[in-house]
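Lettering of chains follows the sequences in order, A, B, ..., and the numbering in each one begins at 1.
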Amino acid sequence: MYSAQKEDEVTERTTRPAPPQAVLQYRGKNFDASAVETFLYDWWDASGFFTPGPKTPGEKPFVMMLPLPNVTGDLHLGHALGFGGYEDLMARWHRMRGEPTLWLPGSDHAGIIAQIVVEKELAKEFGTKKKGPDSPASQEGLGREQFLGEMWRWMEHYKPRIYKQLRMLGCSLDWTRVHFTMDPDMQRRVRIHFIRMYAKGYLYRADRIVHWCLTCQTTYSDLESLHVERTDQLSYVRYPWAEAMPHGTPDVVVATTRPETIVADTAIAVHPDDPRWNALIGRDVLVPVSERTVKIIGDPAVDREFGTGALKVTPGHDATDFEIGQRHGLQVLSAIDTRGFMTPAAGPLAGLDRDRARTAMIDRLKEQGLLQRQEPITHNVGIHDRCETVDEPLVMKQWWMRMAPLAKPAIEAVRSGTVRIIPTYQEKVYFEWMENIRDWPVSRQIWWGHSIPVWYCRECDAIVVPEEDANDPTSCPKCRSTDLRQDPDVLDTWFSSALWPHSTLGWPEQTDDLERFYPGSVLETGYDILFFWVARMLMMGVENMRDVPFHAVYLHGLVRTGGHQKMSKSKGNVVSPVEMIEAHGADALRYALVSGVSAGADSEFSEGKLENGRRFVNKLWNVGRFVLAQIDARPGALTGPIDVAPAGPDLTEADRWILSRTEGAVLELTRLIEQYQFGEYATALQQFLWTEVADFYVELAKPQRRTAGSLDSAVRTAAYVLDRVLRLAHPIIPFVTDTLALQLWAQGQRSDVAPSLVVSAWPTPGARDAALEDRFGLAIEVIRRIRERRQEADLDARTTVQVALAGDAAALEPFADIIASLTTADVRFGGGDSAPTLVRAVEIRVDVPRDAVGDRARLEKELAEALGLLQKTRTLLASDFTTKAPPAVIVKERAKLAEREAAVGSLKAELAKLG
RNA sequence: GGACCCGUGGCUCAGCGGUUAGAGCACUCGGUUCACAUCCGAGGGGUCGCUGGUUCGAAUCCAGCCGGGUCCACCA
């Protein structure tokens, strides 16, 4: 960490490269980001600015993990917002505050997504159009070893690509600590985690119903399952009685959208309280086509309103039915295989795929007169989020993680405030999910990912799990057989990312990094992965480290575009941040994404916002150019350090005003970042820089306008204000600010000797002059009204007018020059005989050609407004307000009353004069 | 079925108990090109979704309703 106090450390570091000449010498009239961005970033990185310095006693590091992007992906706007907006903003700010800052980069092997991407690429190389398991480019087509070789080959292609995009955004990541979830040491840590969790009983293997994807040939978790609305045929099927029933007993008819699964039915369920059916519980019916006898059972899971109130129970192919089956000890029949074909258990349907089987079943039911009727139904069907294939629930042996006990301390961590979620309402969402958490199926039937460190003995069926760090087992500890087979599955990709905050720091070894940087500070990410990732990191962190992985979770919303549309490839409305950066610069993009958005809210990205960002960056650049030109034009060196506020009698009122306002901005902007109000920070920054610094102060600082004060104070004030502004703006627009800082700092002495803004000190607020700011504010209002009056009178801006200030105008005397200069007016105090305009208690008389009618109309309008306001205050002060409101508010209102009475009086008098 | 979020100027959004409710973009008018292929100045534009309530005081808190969105859940 560089700071003023550690100059020795800085000079010792002789290997640090000098700032790039391209940046120091860049002089564009309009800021061209592409002229400096790459040079700057490479220099920052090569200088080690992003790597926390040596440990010092009592330090409080700031630690963040990059929400690891998928290695096969490109950055999208959501990443740009999270990484380049909020996260880099926080990292840079904390670094400037002197906290050793570690923002750790990496990428995720992305399991199934990466496999899909690479299979597509390979399919291109193979020149095949086939998809899924039938493609020669799939894992089935290539065989394990070759397939994994291809995966690794593509990883080396994708990794640099995603890292380059992070650099383009300006992310101040510590690249000396970059990790990839499939790095060999990461694989070892995942393996150890699995072994320990197995030993502790959190991992178990069980036959359960799971989501199965026919395309991807793997299971997936509830979180990866989406629901879409679809219209299907609802078939009402009659199940004949298997026993003689009293005359008049109604037929058992069930409604189903999946008639092909009838062959796997093992019961009919009805609601136990349903008067239509409950007398028949325990009776036997015949399953159509397969003609097995099954019982009618009573179960409360049945919806009485749906269909006939009777449900066919197929534990092998429906999640609800599986649970009912468990409750009643029903047999599980599997009639569909992993490729979507009917098994021999399906009897006459065997060998058909699931769609043909459905048609065939309907035909048979019709033949047998068992199909009562069909009607269309719109319902939700589950699909796999990665490929949108309709879910095929199957019963399979999978590895599961027991979640409830892990969730408990993670819930408590948030409830107790040890971990804060921003925005707060997301805590409710978190609790809701965590309190109803279900076990997590962690095995996947793909090949790209972390192997499951489990072997099965072919002799005795034992499960063989090696010791930590032991070699793969070669014989069965139970029966001594050497016929072992490793579990062919891999782990869900989230299994490894859940460990990220501690595994990247060296866990399970007690490394220096782990000791120094765990727990982290903030985890910033999109609310869409609260369950997938944030919750699991919390659980695994607490389990493995006995401490939470971070103390704050900042969740951002979705970035939408063009009329609130979600961006998606299929809609073709995806905005590429890389293209935006190339065209407009990273600063402009970062600013556009962050400004005017509050925590957790979805936002809309538009060209207009980007344009505003670009103009803002350019505005700062040009304020900087102006100040640098002032310094250049000044003969000799500045008399004091650039980064120390000038003082003394040589300062003009305007100098003192902007110095005071700057300290105010320091205070305000610091507060906003501290409170995670990044959107407000961006807006407030723009307001201060553009309106106050550029439009007001710089205008007054122009040499032709300066009539008082010394040149030295003038230039030093400008330099100081610029230095402050650059620091204040650096976290969000790092490129333009450091470019200017490097150029500014080359011009004079400094107290902070940091080589770059990246490692410079965040300003601490200095003294303000509230009274001056208030009087100056009044002067600004007066200036506005004078300009307005001139415009009404249709006067050329160059025409000098006479302005008389009366009423309480005495406070404005020190600003007479400023008012005159910015309004091209001759300002006099007292007197004047034109009709006045009022600002607070100051009368402004602008001597423009008089127009009795216009004046009358204006005065009447002003009087009406003044009367309205006066009435409001009077009513308020006549109410219980005076006894119940806080004294400070009452004092304010009373002052307002006096002011408003004066205003009304003055306007009435003026109107009387007009006759 | 349960839960959550959002409805503020034409657009995108801030503000979330106390001045005449703000910003950017868009719009109208005027000026400038001497830091800014621009920029500056001025202006118009809002019954803060609706209805009640709490309060001295509500865009802000509460309830109900209407509209938009999201998440969770076993609609066969």
Side-chain angles (χ1 to χ4, degrees), chain A residues 29-31 222-223 227 234 254-258 261 269 301-303 305-307 310-314 318-324 377 379-380 423 425-426 428-429 432-433 436 527-528 530-531 557-558 560 563-564 592 595-598 600-609 611-613 615-616 618-630 677 679-680 683-684 686-687 690-691 694-695 698-699 702-704 783-785 787-792 794-798 822-823 865-866 868-869 872-873 876-877 879-886 888-890 892-893 895-896:
Chain A
K29 216 174 154 186
N30 288 289
F31 185 67
D222 291 337
L223 282 178
H227 293 272
L234 182 66
V254 303
T256 179
T257 53
R258 298 204 61 188
T261 65
V302 178
D303 177 1
E305 309 300 316
F306 190 90
L311 167 72
K312 70 186 225 28
V313 183
T314 321
D318 183 277
T320 312
D321 294 5
F322 182 81
E323 284 172 22
I324 293 174
I377 181 178
H379 63 150
N380 288 330
Y425 65 76
Q426 290 283 1
K428 287 184 225 161
V429 179
E432 182 65 25
W433 191 74
N436 298 298
Y527 63 66
D528 52 331
L530 179 60
F531 307 143
L558 239 55
R560 296 164 185 278
H564 275 286
S595 67
V597 179
S598 63
D602 289 355
S603 59
E604 181 159 319
F605 179 80
S606 64
E607 289 287 335
K609 266 192 146 176
E611 181 59 17
N612 177 246
R615 293 190 324 143
F616 172 62
N618 196 237
K619 193 69 186 177
L620 175 56
W621 173 246
N622 273 287
V623 167
R625 283 180 66 222
F626 171 82
V627 174
L628 290 172
Q630 297 304 111
Q677 300 194 42
E680 283 285 289
T683 311
Q686 170 163 349
Q687 208 61 23
W690 205 318
T691 310
D695 291 348
V698 168
E699 281 312 309
K702 286 186 174 171
Q704 65 269 30
I783 288 166
R784 289 232 164 90
R785 297 313 287 267
R787 284 168 171 166
E788 190 185 345
R789 293 286 294 116
R790 305 172 56 109
Q791 190 133 332
E792 275 169 15
D794 201 19
L795 286 183
D796 192 290
R798 287 161 301 194
L822 292 180
T823 55
E865 278 168 13
L869 293 175
K872 252 190 174 171
T873 312
L876 186 62
L877 287 171
S879 69
D880 285 353
F881 173 80
T882 48
T883 54
K884 299 202 172 164
V889 180
I890 297 173
K892 246 178 157 178
E893 283 303 318
K896 223 188 298 176

Using atom P in both nucleotides, what's the gap between A58(B) and A23(B) to the nearest angstrom? 24 Å
If a pair means Watson-Crick or G-U wobble with both distances below 3.5 Å, what does RNA chain B look like in dot-bracket form, with | marking bases paired to a different strand? ((((((((.[[[[.)..(...]]]].(((((.......))))).....[[[[[..)....]]]]])))))))....
If you define the side chain from C-beta out and look only at heavy atoms, does anything of V429(A) sit under 4.5 Å from F531(A)? yes
Just the rounded figure in Å: distance from P of G22(B) to CD of Q687(A). 12 Å
Just wondering, do L223(A) and W433(A) contact through their side chains at under 4.5 Å, heavy atoms? yes
Over 12 non-hydrogen atoms of neighbours within 6.0 angstrom of CZ in R784(A): no
Taking the C1' atom of each, how far is C62(B) from C16(B), in whole Å? 14 Å
Determine the Euclidean distance between corresponding P atoms of A21(B) and C66(B); express it in Å to zero decimal places. 31 Å
Remember a base hit wins even if backbone is also touched, and classify A885(A) as base, sugar-phosphate or nothing at under 4.0 Å, heavy atoms. base
Under 4.0 Å, heavy atoms only, any strand: does P886(A) hit a base, just the sugar-phosphate, or nothing? base
Can you tell me the distance, in whole Å, between the NZ atom of K884(A) and the C1' atom of G57(B)? 11 Å
Ignoring hydrogens, what is the shortest heavy-atom contact between I890(A) and A885(A)? Give both atom names and the distance. CD1-O, 3.4 Å
Give a yes/no on whether any side-chain N or O of K609(A) is located under 4.0 angstrom from OP1 or OP2 of C11(B). no
Separation of atom CG in L822(A) from atom P in G41(B), rounded to whole Å: 10 Å
Where is the tightest heavy-atom contact between A255(A) and G307(A), given as atom of each residue plus distance? CB-CA, 4.1 Å
Of the nucleotides G41(B), U20(B), C56(B), which one has an atom closest to the side chain of K896(A)? U20(B)
Between G44(B) and G22(B), how far apart are the two P atoms, rounded to whole Å? 13 Å
Report each atom pair, protein N/O against N/O of nucleotides 69-76 of chain B, whose distance is under 3.5 angstrom.
residue : atom : partner : partner atom : Å
C74(B)  : OP1  : R438(A) : NH1          : 2.7
C74(B)  : O4'  : T320(A) : OG1          : 3.2
C74(B)  : O2'  : T320(A) : OG1          : 2.4
A76(B)  : OP1  : H379(A) : ND1          : 2.7
A76(B)  : OP1  : N380(A) : O            : 3.2
A76(B)  : OP2  : H379(A) : ND1          : 3.4
A76(B)  : O5'  : H379(A) : ND1          : 3.0
A76(B)  : O3'  : T257(A) : OG1          : 3.4
A76(B)  : N6   : D303(A) : O            : 2.6
A76(B)  : N1   : D303(A) : N            : 3.1

On the nucleotide A42(B), are OP1 or OP2 found under 4.0 Å from the side-chain N or O atoms that R784(A) carries? yes
Students often get this wrong, so: under 4.0 angstrom with heavy atoms, is S879(A) touching a base, only sugar-phosphate, or nothing? sugar-phosphate
Heavy atoms only, 4.0 Å cut-off, all strands: where does G679(A) land among base, sugar-phosphate and nothing? nothing
Yes or no on side chain to side chain contact (heavy atoms under 4.5 Å, CB included) for I377(A) and F306(A), after CA distance, side-chain angles and deciding distance? CA-CA 11 Å; I377(A) 181 178; F306(A) 190 90; 3.7 Å; yes
Atom P, compared across G49(B) and C11(B): separation rounded to whole Å: 14 Å
So, for G600(A) and Y425(A), which heavy atoms are closest and what is the spacing to 0.1 Å? O-OH, 3.7 Å
Answer yes or no: is there a side-chain heavy-atom contact under 4.5 Å between K619(A) and D695(A)? yes
Can you tell me, in whole Å, how much space there is between the C1' of U51(B) and that of U47(B)? 14 Å
What's the NZ-P distance between K428(A) and C4(B), to the nearest Å? 6 Å
When the P atoms of C13(B) and C75(B) are considered, how many whole Å apart are they? 33 Å
Rounded off to whole Å, could you give me the CD-to-C1' distance for the Q791(A) and G44(B) pair? 12 Å
Closest non-hydrogen atoms of A269(A) and V313(A), given as atom of the first, atom of the second and distance, are CB-CG2, 3.5 Å
Shortest non-hydrogen contact from Q426(A) toward Y527(A): NE2-CB, 3.6 Å
Output one line per pair: protein atom, nucleotide atom from nucleotides 35-39 of chain B, and distance, for all N/O pairs under 3.5 Å.
residue : atom : partner : partner atom : Å
A35(B)  : O2'  : N622(A) : OD1          : 2.3
A35(B)  : O2'  : R625(A) : NH1          : 2.8
A35(B)  : N7   : K702(A) : NZ           : 3.3
A35(B)  : N6   : E699(A) : OE2          : 3.2
A35(B)  : N3   : N622(A) : O            : 3.3
C36(B)  : OP1  : K29(A)  : NZ           : 3.4
C36(B)  : O4'  : N622(A) : OD1          : 2.7
C36(B)  : O4'  : N622(A) : ND2          : 3.0
C36(B)  : O3'  : N30(A)  : OD1          : 3.4
C36(B)  : O2'  : N30(A)  : OD1          : 3.2
C36(B)  : O2'  : N618(A) : OD1          : 3.0
C36(B)  : O2   : K619(A) : NZ           : 3.1
C36(B)  : N3   : K619(A) : NZ           : 2.9
A37(B)  : OP1  : N30(A)  : ND2          : 2.7
C39(B)  : OP1  : R615(A) : NH1          : 3.3
C39(B)  : OP2  : R615(A) : NH1          : 3.4
C39(B)  : O3'  : K619(A) : NZ           : 3.1

Here the pair of heavy atoms bringing K312(A) nearest to R258(A) is CE-O, 3.9 Å
Confirm from the modelled atom types if E604(A) and C11(B) form a donor-acceptor pair under 3.5 Å, side chain to base only. no
With C1' as the reference atom in both, quote the distance from G67(B) to C50(B) in angstrom, rounded to an integer. 10 Å
Here the distance between atom C1' of U55(B) and atom CG of L876(A), to the nearest Å, is 13 Å
Could you give the CZ-to-C1' distance, from R789(A) to G43(B), as a whole number of Å? 15 Å
Between CD1 of I783(A) and P of A42(B) the distance, given in whole Å, is 10 Å
So, does N618(A) use its side chain to make a donor-acceptor pair with the main chain of N30(A) at under 3.5 Å? no
Are the side chain of N612(A) and the backbone of G608(A) linked by a donor-acceptor contact shorter than 3.5 Å? no
Below 4.0 angstrom from OP1 or OP2 of A42(B), is there any side-chain N or O of R787(A)? yes
Fit a plane to each ring of F31(A) and W621(A), take the angle between them on a 0 to 90° scale, and name the class: parallel (under 30°), tilted (30 to 60°) or perpendicular (over 60°). tilted
